[in-house]
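By convention in this document, chain letters (A, B, ...) are assigned in the order of the sequence lines, proteins followed by strands, and residues within each chain are numbered from 1.
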There are 2 protein chains.
Amino acid sequence: MKPKITLKDIARELDVSISTVSKALKNSAEISKDTKDKIKAFAKFYNYRPNNIALSLKNKRTKNIGVIIPDIVHHFFTTVFRGIEKYANEKGYNVIVCISDESNEKEVINMEMLANGSIDGFILSLSAETQLKNEYTHLKELLDQGIPIVLFDRVTSEIECDKVVLNDAEIACEAVGHFIKAGSKRIALVTTEKYFNVSENRRIGYLDALKVHNFKVDENLILTLSHDMENDMLITEFFQNNKVDAVLCVNEIFAIQCMSIIQELGFNVPNDISIIGFTDGILSRFSVPRLSTVAQHGELMGETAAKLLIDRMEWLDEVEEPFKTEVINATLIKRGSSIN
Amino acid sequence: MKPKITLKDIARELDVSISTVSKALKNSAEISKDTKDKIKAFAKFYNYRPNNIALSLKNKRTKNIGVIIPDIVHHFFTTVFRGIEKYANEKGYNVIVCISDESNEKEVINMEMLANGSIDGFILSLSAETQLKNEYTHLKELLDQGIPIVLFDRVTSEIECDKVVLNDAEIACEAVGHFIKAGSKRIALVTTEKYFNVSENRRIGYLDALKVHNFKVDENLILTLSHDMENDMLITEFFQNNKVDAVLCVNEIFAIQCMSIIQELGFNVPNDISIIGFTDGILSRFSVPRLSTVAQHGELMGETAAKLLIDRMEWLDEVEEPFKTEVINATLIKRGSSIN
DNA sequence: TATCAACACGAAACCGTTTTCGTAATAATT
DNA sequence: AATTATTACGAAAACGGTTTCGTGTTGATA
């Protein structure tokens, strides 16, 4: 057991002052070559590393980023996290993750916890409950305290800060357009409650596409599912009661569930019913047939968010940049579950 | 913009000493009720919160746990992480995650980075490269410095510390036994390179089961795949060239890949060939037919690891507990991809 | 009236750094 | 020889807390 060595230890052993040791290790011109060599050798031998906590206290920056995500088991958030971690690490930052579990309270508690010095900035995607309650005072307070925040994916216009979003409406429109070009007539949308900005945007894109192609909107063709319940019965009834030849689902799970039920009901995918989902995750790649889907480029999204945050943190004292919203362009990946 | 308030600020405003403020906020009996009330009210009004960094420096404990995992996109690690985060959070700890990306170098760098004061202890699963090179000096050094470590899943006997593992051999044996009871005669194993302790243990379980039931081992029925390559060709050839009626795969992806190729080759799952995988992830639950699999209880594993670590950290000064190895009992989940 | 608790608070050390500033000792200049 | 510049280092403050110990002021006791 050899505990960590400090500047003080080195100073005592070598009979110099702490300041001298500190300067010597930073190769200061103030210190003679002899002394520097001696100190460096000693430090190297005992594997001296400066204490991060002491540095943080002194510099008033921790080189830690707080990441708050609603759920890590969702593939999309996992990939975004991957992107954040990768970029942050390259830039010498560490990442502290908290999972809000879609709960507003957890989101608030975790952020307040971390805000007391543990991190230099936040990257987060709003919890479902936060979006539902439209409650953003915790974010406002942190911004007020000068802590930079980057929102991604689940964002809100109530808060002014850097953001990274997907062109949800546009890509949903493109997906529906793709159905229409392939000859689909009755196109369904399977979505979540509309307080999610992303679902709402995808719905808008869906409606836009119908309008552009002079399709009449049939509200019966929009199925709203909750993300935390057993939806199998609802889906089954939906496809039994409605004649449908194409479905756009706002996430991968819904898409896979629909495909599985559609197949059980005796329809052929994609000949009877085409399916396109969101998130190019593992499910989409390994299903039969493989799922056509909207790739959200989560990793890029994460990197972009991290870059936005780190840039702002590192320029904070120098210039006052206006807030940016970066738009990630989704890609429609055509695979076996849709025609052509 | 109202920056964070400190003890010093309160002391100045209220014309008392810093010590008085500190004691008042901790409700010390040393301070008169009047003064305490005044200080508490002021602190509350300005939303005073002690600075975590200063506390860490003083207390020599950060209440942060470092988690190093090889890969976060793998469902198993994600769930373990979930368990760690959950338990740690309940106990007031934050989690700093680094992804080693199966690289020994990254593992070493990240751990050294965090070890300089940022965390109180580590939870990790060894990277592939670390297991391949059998290089554990970084772990030994940290343990030497008095930093507690808990290894999970990918562990090694070279290091003495707390560990959490799955009863891999046992459950693999049980899975193969299940095949045999259902009448399978030619049982294959699809696995990874054997320097992974987990794959090796599953292989041992597979061999044990064969031996117990007086089956001859046919090395041709063991297919070794690399985890980062395109394996489709290898799998296809394997099932074309070998008569097989059951397959145990050491992970979910291999299982799904095998199932998909087996079906393409015109075999019926499970009638012609039964399949059991490892990891009860999203893939297993949504495949057609649903995949029989070994549930590894990742979340429980994570919680157990976090509990082991936190217990050790909090008792560190008091007693010297011997190291423990907790074994998580996997569960065989029988679904559509295997008979009976 | 001198002595002594009890009370209420402040000074200062400490955690491990960095950094500014002051100052001996030596060397260079006039 | 007196002054100045340079070199090489140390003292101390600062970051934001906690905690030990000391101390001035009361009120009670002998």
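Rounded to whole Å, atom P of C:dC14 lies 6 Å from atom NZ of A:Lys8. Distance A:Lys23 NZ to D:dA12 P: 14 Å, rounded to the nearest Å. Distance B:Asn59 CG to D:dT18 P: 8 Å, rounded to the nearest Å. For the pair A:Lys36 NZ and D:dT7 P, the interatomic distance rounds to 12 Å; values are reported in whole Å. In this structure, NZ of B:Lys38 is placed 12 Å from C1' of C:dA8, rounded to the nearest angstrom. A:Leu57 has its CG atom 13 Å from the C1' atom of D:dT18, to the nearest Å. As a whole-Å value, the separation of B:Asp34 CG from C:dC9 C1' is 14 Å. The CD1 atom of A:Ile10 sits 11 Å away from the P atom of C:dT18 (whole-angstrom rounding).
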Anything under 3.5 Å between a protein N or O and an N or O of nucleotides 23-27 of chain D, put it in a table, one pair a line.
none

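Sorted by first and then second residue, the salt bridge (Lys or Arg N to Asp or Glu O under 4.0 Å) pairs involving residues 111-133 of chain B (not counting sequence neighbours) are B:Glu129-B:Lys133.
If you check every strand for non-hydrogen atoms under 4.0 Å, A:Thr6 touches sugar and phosphate atoms only. Here B:Ser32 lies in heavy-atom contact (under 4.0 Å) with sugar-phosphate atoms only. Among the protein residues, A:Arg49 comes within range of the sugar-phosphate backbone only, with heavy atoms under 4.0 Å from sugar or phosphate atoms but none that close to a base. If you check every strand for non-hydrogen atoms under 4.0 Å, A:Thr35 touches sugar and phosphate atoms only.
Mapping B:Leu55 and A:Ile18 onto DNA chain D by nearest heavy atom places A:Ile18 closer to the 5' end of the strand.
The CG atom of B:Asp101 lies 10.5 Å from the CD1 atom of B:Ile69; values are rounded to the nearest 0.5 Å. Taken to the nearest 0.5 Å, the CD atom of B:Glu141 stands 10.5 Å off from the CG atom of B:Leu143. Separation of atoms CG (B:Leu126) and CZ (B:Phe152) is listed at 9.5 Å; rounding is to 0.5 Å.
One finds no side-chain N or O of B:Lys33 lying less than 4.0 angstrom from the OP1 or OP2 phosphate oxygen of C:dA8. Considering only side-chain N and O atoms, A:Ser22 lies under 4.0 angstrom from the phosphate OP1 or OP2 of C:dT18. Considering only side-chain N and O atoms, A:Tyr48 lies nowhere under 4.0 angstrom from the phosphate OP1 or OP2 of C:dG16.
Of the charged side-chain nitrogens involved, at least one lies within less than 4.0 Å of a carboxylate oxygen, so that A:Arg12 and A:Asp9 count as a salt-bridged pair. Here A:Asp144 does not pair with A:Lys140 in a salt bridge; the nearest charged N to carboxylate O distance is not below 4.0 Å.
Residue A:Lys58 places no side-chain atom within donor-acceptor reach of the base of C:dT17, judged by atom type and a 3.5 Å distance cut-off alone.
Here the nucleotide nearest the side chain of A:Glu30, chosen from D:dG16, C:dC21, C:dG10, is C:dC21. The listed nucleotides are D:dA12, C:dG16, D:dC9; the one nearest the side chain of A:Ile31 is D:dC9. Out of C:dC14, D:dG10, C:dG16, the shortest distance to the side chain of A:Thr20 is found at D:dG10. Among the nucleotides C:dA11, C:dT18, D:dG16, the one closest to any side-chain atom of B:Asn51 is D:dG16.
Aromatic ring centroids of A:Tyr46 and A:Phe42 lie under 6.0 Å apart.
With 3.5 Å as the limit, one finds no donor-acceptor pair spanning the side chains of B:Asp153 and B:Ser125.
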